[in-house]
Amino acid sequence: MDRTSIRPTADELKRFIPLQALSAQQLDLLAGVAEIRSAHPGEVLMELGSDDNHTYFLLQGSLVLDSADRHRLEIRDDDASARSPIALLRPRKYRVVAHTPVRYLLIDNAYLEDIARSHGATSGVEGYEVSGDLANETTAFEDQLSTLMLADLKQDRLQLPSLPEVAIRIGRALEDGISDAHTIAEIVQIDPVITAKLIKAANSAFYGGRNPAESCAAAVVRLGGDVTHKLVLSFALRELFQSDSKLLQKRMQALWKHSTQVAAICYVLAKKDSRFKAEHAMLAGLLHDIGIVAILNYARNFPDEAMHAHAIDQAVRSLRAEFGGMILKQWGFPADFVIAAVEAEAWLRDQGDAPDYCDLVIIAQLHSNIGDNHYQHLPAIDEVPAHGRLELGELTPHMSLKILEQAKEQIAHAESLLNL
């Protein structure tokens, strides 16, 4: 590595997001101690597992980052991620190698902390508190999670969740015009757990007949092919909401609970409006946050000690819609499912007079969050255009829909159906 170095200017320092919080005087001081170094292609800037007390920024060229599990990322100087530190977590989670001739900025963290303290900064660099290693790691994880996901997406390396096989087979059979209950039942019975759930569903308060359905074929006859397909999809999706990380599994469980609540409300709302199919609405509600499943699954690549709630929340806010739409397109779902996933939190979306399944999902989400202080920033149900398009009637004094307050038992039944 070429150790010849020069000092940066204050303007060169200001291009980097975490340094923008420093005053002009602090930037001048930092410019006097920071270094600009050069490296040739193939030279190592940072070893995996190293624990040096420096922060690196890329000025020119491109770098390759390799993790212990052979995950590779290329960062170029014109990437948005190049405005943030390179592989900030310590011990280093990546081996960083020059891919082209590069110029990079090297800052000794001790100097950065001294400058911040001696000039009255309480937080030094925004998001990188001088006295808080946790804040350093939170911002680094947030940056790396979002950056790596988008880079893998751009380079077609991102592995999205796969639709469960039994659901794929039933969908193909229906597309091929197969409606024979025994043939569909044979496909369902590939999965004994889903088979048991389908029979229970056929005998539930929603679908139960005079005589109990005692076989999978009888359940399919009672439900019909389309409803069977939607229910099998709903039951099969639960296996995707799993993680082998204890930290992320809690997130998955909370996400499943939220998704089933929204799905149940969508189901009941659709039952009250002949323009919608109830099972279709339920599945749209269940899938509206499927993008978060992809984000949480991707986060498994990081050790638990590197993950922080704020960083995960930020990645979810930034990426959930994009990844949700991509997953549903990859699975071959109709456009109304994709729209519901992409626009589920576009509270004020106004798509004309005709209601759609996304409107149901928006109303269901707002209703499910009533009384939760974490969601006080959300609009009231009667303030969103979806309310007017769906003709949902009056609100109760605490701003929930009267029709849903009266249907609490139905919602509970629908939710239990998804948790058989």
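Quantities reported herein were computed from a predicted structural model and do not represent experimental measurements. One is the number of the first residue; the rest follow in order along the sequence.
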What distance separates Lys246 NZ from Leu248 CG, expressed to the nearest 0.5 Å?
-> 13.0 Å
Using the side chain to side chain contact (heavy atoms under 4.5 Å, CB included) rule, take Leu319 and Tyr298 through it: C-alpha gap first, then chi angles, then the decisive distance, then the call.
-> CA-CA 12 Å; Leu319 303 174; Tyr298 195 89; over 6 Å; no
Straight-line distance of Arg169 CZ to Leu174 CG, nearest 0.5 Å = 14.5 Å
Can you tell if the side chain of Ile107 reaches within under 4.5 Å of the side chain of Phe57, non-hydrogen atoms only?
-> yes
Ser259 side chain vs Trp256 backbone, donor-acceptor pair below 3.5 Å | no
Should Arg320 and Glu345 count as side-chain neighbours, where that means a heavy-atom distance under 4.5 Å?
-> yes
Taking all non-hydrogen atoms of both residues, which atom of His54 and which atom of Asp108 are closest, and how far apart?
-> CD2-CA, 3.7 Å
dist Ile187:CD1 -> Ile178:CD1 (nearest 0.5 Å) comes out at 6.0 Å
Are Leu378 and Gln365 close enough that some pair of their side-chain heavy atoms sits under 4.5 Å apart?
-> no
Look at the side chain of Ser50 and the backbone N and O of Asp52, then say whether any donor-acceptor pair between them is shorter than 3.5 Å.
-> no
Tightest non-hydrogen contact, residues Ala31 and Ala10, listed as CB-N, 4.1 Å
Would one find more than 12 heavy atoms of other residues, nucleotides or ligands at under 6.0 Å from atom CG of Asp353?
-> no
Heavy-atom distance under 4.5 Å between the side chains of Ile194 and Leu231, does that happen here?
-> no
Check: Gln242 side chain, Glu239 main-chain N or O, donor-acceptor pair, under 3.5 Å = no
Kindly write out the residues that satisfy ring-ring contact (aromatic ring centres under 6.0 Å, His included) with His280, not counting sequence neighbours, or none if the list is empty.
-> Phe337, Tyr357
Between Arg389 and Asp356, is there a salt bridge with N-O shorter than 4.0 Å?
-> no
Please report the C-alpha distance between Cys358 and Arg349 in whole Å, then the side-chain angles of each, then the deciding distance to 0.1 Å, and finally whether the side chain to side chain contact (heavy atoms under 4.5 Å, CB included) criterion is met.
-> CA-CA 10 Å; Cys358 187; Arg349 70 187 289 269; 3.5 Å; yes
Does some side-chain heavy atom of Leu401 sit less than 4.5 Å from a side-chain heavy atom of His367?
-> yes
Taking every non-hydrogen atom, the tightest pair across Pro379 and Leu366 = O-CD2, 3.7 Å
Between CD1 of Ile170 and CD of Glu165, what distance do you get to the nearest 0.5 Å?
-> 10.5 Å
Flag, side chain of Thr100 to backbone of Gly61, donor-acceptor distance under 3.5 Å | no
Indicate, with yes or no, if the rings of His258 and His288 have centres closer together than 6.0 Å.
-> yes
Just one of Val102, Asp77, Asp78 clears the side chain to side chain contact (heavy atoms under 4.5 Å, CB included) bar with Gln60, so which one?
-> Asp77
Measure the shortest side-chain to side-chain distance between Lys200 and Phe235 over non-hydrogen atoms and say whether it is less than 4.5 angstrom.
-> no
Report yes if the side chains of Leu296 and Ser243 come closer than 4.5 Å at any heavy-atom pair, otherwise no.
-> no
Contact summary for Ser234 and Leu418, nearest pair of heavy atoms = CB-CD2, 3.6 Å
Distance-minimising heavy-atom pair for Phe16 and Leu58 | CE2-O, 3.6 Å
Does the ring centre of Phe206 sit less than 6.0 Å away from the ring centre of Tyr267?
-> yes
Distance from Arg95 atom CZ to Leu63 atom CG, nearest 0.5 Å?
-> 12.5 Å
Checking Arg7 side chain against Ala34 main chain: does a donor-acceptor pair fall under 3.5 Å?
-> yes
Hey, does Asn297 have a side-chain heavy atom less than 4.5 Å from the side chain of Leu240?
-> no
Return yes if some donor-acceptor pair links the side-chain N/O of Thr195 with the main-chain N/O of Val188 below 3.5 Å, else return no.
-> yes
Check the pair Arg103 / Ile6 against side chain to side chain contact (heavy atoms under 4.5 Å, CB included), numbers first and verdict last.
-> CA-CA 11 Å; Arg103 294 174 71 242; Ile6 59 174; 4.0 Å; yes
Going from CZ on Arg317 to CD1 on Ile292, what distance comes out if it is rounded to the nearest 0.5 angstrom?
-> 11.0 Å
Taking all non-hydrogen atoms of both residues into account, name the closest pair between Ala167 and Leu233 and its distance.
-> CB-CD2, 3.4 Å
Before giving the answer on side chain to side chain contact (heavy atoms under 4.5 Å, CB included), spell out for Leu105 and Leu13 the whole-Å C-alpha distance, their side-chain angles and the decisive distance to 0.1 Å.
-> CA-CA 9 Å; Leu105 181 67; Leu13 294 176; 3.4 Å; yes
Is a side-chain N or O of Asp273 found less than 3.5 angstrom from the main chain of Leu269, in a donor-acceptor match?
-> no
